[in-house]
Structures are given as C-alpha cells and as structure tokens.
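Let me begin by presenting the structure, written as structure tokens, before commenting on it.
Computed over heavy atoms, backbone and side chain alike; hydrogens, waters and symmetry mates excluded.
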Amino acid sequence: MERMYVLIGVSAILIAGLLFLVFPKTSVIEFSGVVVREIPKNSIIVEKDLAVAERIKKLYEEGNLFVFEGSVTLPQRDENKAWQQAANKAREELAAFLGTKITSDSSLNEKIFGVRSAFGYEQDVNVVVNNFVVSSKVIAKWKVPVKKGFFEYHVLVFYDPDLIESVSKKQQQSMQLYFVVYDVKKERVIKIEKVDDIARYKEKFELARKSGKVVVFEVRNKKIIVKSNIEALRIVKNANLEDGKYRLLYVRNKEYIYAFILKGE
C-alpha cells in the first residue's frame with residue numbers, strides 16, 4: 001500500500017510537471033533569442049521593436065546589455081497616461097544607471113566632458129543624461145489584467161553605448177571651437193579653423209590642457225575685451241571672431257602659440 005502511495009505521488013508530480021510544460025504560466029519578451037523579460041502568460045504584448053533585435057543580441061553577447069523597466073497600474077480608460085508614466089519610470093531607472101556610469105567611468109567621462117572641462121567649465125552630468133534619456137528608445141510594451149477595468153502597464157528601454165558616442169559627437173559639433181596658430185616672430189595669426197573633430201588636434205589639445213593657460217574674454221562690437229593679458233589679446237585680435245563670450249586655452253613655444261578658442265558663457 002505504501003508503495004502504491006509513493007507511485008501515485010510520483011505520478012502526480014510528473015503529471016504536474018507535464019502540465020506546466022504544456023501550459024506554462026509565463027511567457028517571454030525576447031529579441032533574436034535573447035530573453036529580456038519573463039512575463040505572465042495572460043500578458044498582452046502591445047509593442048516590440050524588432051528593429052533593435054540584432055543590436056540587443058550583440059550587446060548581450062558582449063556582456064553589455066542593460067534593460068530598464070517601468071510599470072504602473074491604472075484603469076484602462078487612462079491607458080495613454082499609463083504608457084507615458086511607465087515610460088517615464090523606465091527612463092528614470094536608465095538615468096540613474098547612466099549618471100552613475102558617467103561619474104565612475106573615467107574614459108566615458110573624458111569622452112563627454114573632456115573638451116569643456118579643459119576650458120574650466122564645470123561638468124554637468126545631468127544635462128548629458130537628460131539628452132541621452134530623452135532619445136532612448138522604447139523596445140517593448142505589454143499590459144497585464146489585474147482586476148476588472150484595470151491593467152498593469154509595462155515599458156522597457158535599454159542602454160546603447162553607441163548612442164552615448166553619438167551624443168558626444170553631436171555635442172562637439174554643436175560647440176563653436178576654433179584652433180588658432182599664432183606666429184611669434186611675425187606677430188600674427190597664420191591659421192584659424194573650426195574644429196569639428198577634436199581627435200584631429202589631440203596632440204596640441206593635450207599639450208594645451210596640460211601646460212597651457214585659460215583666459216576668458218569677450219568680443220563686443222568687434223572689439224576684444226580681455227583683462228590684463230596682452231599675450232591673449234595678440235592671439236585673438238586677428239581671429240575675426242563674431243560678438244560673444246569666449247574662453248581661450250593656449251600654450252606656446254619659441255616659434256608659435258597654439259590656441260583653442262571656445263565660444264560660450
């Protein structure tokens with residue numbers, strides 16, 4: 001009799017396991033075979049961005065996939081509001097992650113803030129984070145019925161390091177940054193050009209940042225206003241700059257003065 005009970009118990013476990021396999025209680029959100037979330041079986045998947053599937057797979061294979069979820073429970077009549085709130089919560093999680101990453105990752109910090117910090121500007125992590133988060137993509141949306149007329153609304157966003165690179169490049173391109181070469185013997189500017197890619201000037205820029213000086217000046221009605229720095233005045237007087245406030249970063253040797261001029265407060 002005892003053996004019969006054991007057999008019945010084992011059979012019950014096997015049947016339960018079989019039923020679970022045949023009728024699983026969960027479903028998944030996946031991209032190219034990469035499962036990013038397990039969700040209840042009764043979930044209604046509203047949106048899944050297949051355009052990012054290969055990118056998500058690549059990040060996963062590199063060990064660099066970070067996905068953030070926001071959720072909210074609201075009546076179905078407030079569905080549009082629910083999606084927005086859930087997306088905001090997901091982006092808040094992304095913002096917290098990104099803020100910590102920028103602060104703790106010196107190479108990423110340098111990539112984003114390197115140019116402006118060389119001119120004495122304070123680093124504003126929040127500005128960069130907000131710019132990135134606003135452009136972050138929603139990759140999936142689903143809702144789960146919880147009670148009559150109410151749903152849990154879920155939204156997923158993900159961190160893409162390539163977008164940080166893009167934000168950094170756009171930030172550089174939006175800056176009005178100039179490279180100037182001043183000939184000490186001739187006492188005049190012999191080169192001035194707009195900097196679109198700081199990497200092209202890396203050697204001179206690193207030298208100026210390490211050993212150079214920063215001077216704040218203003219151009220007003222084509223007149224250069226600078227306090228007690230005759231050398232800086234010589235560098236910028238023939239640069240033909242438009243009116244505005246600037247910062248000058250420069251370093252010199254016996255023959256030339258190499259300078260970078262950045263427009264801004």
Got a salt bridge between K89 and E92, using NZ or NE/NH1/NH2 to carboxylate O under 4.0 Å? no
Are the side chains of W142 and Y153 in contact, using a 4.5 Å heavy-atom criterion? no
Rounded to the nearest 0.5 Å, how far apart are NZ of K57 and CD of E30? 10.5 Å
Starting at CD1 of I257, measure out to NZ of K213 and round the result to the nearest 0.5 Å. 9.5 Å
When you check the side-chain N and O atoms of Q84 and N80, is any donor under 3.5 Å from an acceptor? no
What are the two closest heavy atoms between K194 and Y201, and how far apart are they? O-OH, 4.0 Å
Under a 4.5 Å cut-off applied to non-hydrogen side-chain atoms, are I261 and V180 in contact? yes
Please say which of E47, E152, E79 ends up in a salt bridge (Lys or Arg N to Asp or Glu O under 4.0 Å) with K143. E79
What is the minimum heavy-atom distance between A90 and V157, and which atoms define it? O-CG2, 3.8 Å
For K137, check side chain to side chain donor-acceptor pair (under 3.5 Å) against everything at least two apart and list the hits. D49
Qualifying residue for side chain to side chain contact (heavy atoms under 4.5 Å, CB included) with F217, from I225, L248, L233, I235: L248
Do the two ring centres, one from Y178 and one from F260, sit under 6.0 Å apart? no
What do the steps show when you test F151 against V146 for side-chain contact (heavy atoms from CB on, under 4.5 Å), and what is the final call? CA-CA 5 Å; F151 285 83; V146 289; 5.7 Å; no
Got a sec: does the NZ of K222 have more than 12 other heavy atoms crowding it under 6.0 Å? yes
With a cut-off of 6.0 Å (strictly less than), are more than 12 heavy atoms of other residues, nucleotides or ligands near CD of E62? yes
Got V144 and N42 here, is their nearest side-chain heavy-atom distance under 4.5 Å? yes
P40 backbone acceptor or donor facing S43 side chain under 3.5 Å: yes
Would L262 and V216 show up in the same hydrophobic cluster when neighbours are defined by side-chain heavy atoms closer than 4.5 Å? no
When rounded to the nearest 0.5 angstrom, what is the spacing between NZ in K58 and CG in D160? 9.5 Å
With a 4.5 Å cut-off on side-chain heavy atoms, are L94 and V129 touching? no
Closest non-hydrogen atoms of E54 and S32, given as atom of the first, atom of the second and distance, are OE2-OG, 2.9 Å
Does the ring of F31 carry K48 above it, NZ/CZ under 6.0 angstrom from centre and within 45° of its axis? yes
Single-linkage hydrophobic cluster V214~L207, side-chain heavy atoms < 4.5 angstrom: yes
Verify the ring-centre separation between F97 and F66: is it less than 6.0 angstrom? yes
Could you tell me if the side chain of V236 sits less than 4.5 Å from the side chain of Y246, heavy atoms only? no
When you compare the side chain of L177 with that of F119, does any pair of heavy atoms fall below 4.5 Å? yes
Side chain to side chain donor-acceptor pair (under 3.5 Å) with Y159: which residues, sequence neighbours excluded? none
Testing the basics here: between I29 and A140, what is the closest heavy-atom pair and its distance to 0.1 Å? CG2-CB, 4.0 Å
Do V215 and V219 belong to the same hydrophobic cluster, where Ile, Leu, Val, Met, Phe, Trp and Tyr are linked whenever their side-chain heavy atoms lie under 4.5 Å apart, directly or via other members? yes
Assess the residue pair F205 and R200 against the criterion (side-chain contact (heavy atoms from CB on, under 4.5 Å)); give the C-alpha distance rounded to whole Å, side-chain angles, the decisive distance to 0.1 Å, and a yes or no. CA-CA 9 Å; F205 186 75; R200 288 180 51 215; over 6 Å; no
Flag the pair R91 / S136 as yes when at least one side-chain heavy-atom distance between them is below 4.5 Å, and no otherwise. yes
Residues which pass side chain to side chain donor-acceptor pair (under 3.5 Å) with Y182, listed by chain and number, not counting sequence neighbours: none
Can you name the nearest heavy-atom pair linking P161 to L59, along with the distance? CD-CD2, 3.8 Å
Say you draw a straight line from CD1 of I190 to NZ of K186; how long is it, rounded to the nearest 0.5 Å? 6.5 Å
Expected output: side-chain N221 to main-chain K223 donor-acceptor under 3.5 Å: no
With a 4.5 Å cut-off on side-chain heavy-atom distances among I, L, V, M, F, W and Y, is there a chain of contacts connecting V189 to L241? yes
From I39 CD1 over to L156 CG, what is the distance, rounded to the nearest 0.5 angstrom? 9.0 Å
Identify the heavy atoms of V181 and Y256 that sit nearest to each other, and give their distance. CG1-CD2, 3.9 Å
Just wondering, do K141 and W83 contact through their side chains at under 4.5 Å, heavy atoms? yes
More than 12 heavy atoms of other residues, nucleotides or ligands under 6.0 Å from CD of E187: is that the case? no
Just do the side-chain contact (heavy atoms from CB on, under 4.5 Å) check on V36 and L65 with the steps written out, would you? CA-CA 9 Å; V36 294; L65 177 63; 4.3 Å; yes
What's the separation between atom CZ in R209 and atom NZ in K204, rounded to the nearest 0.5 Å? 15.5 Å
Answer with yes or no whether the hydrophobic clustering places I45 together with F68; edges join I, L, V, M, F, W, Y residues whose side-chain heavy atoms lie under 4.5 Å apart. no
Is NZ or CZ of K147 both nearer than 6.0 Å to the six-membered ring centre of F150 and within 45° of the ring axis? yes
Decide side-chain contact (heavy atoms from CB on, under 4.5 Å) for E69 and H154; before the verdict, give the C-alpha distance in whole Å, the side-chain angles of both, and the deciding distance to 0.1 Å. CA-CA 7 Å; E69 180 180 341; H154 298 257; 2.7 Å; yes
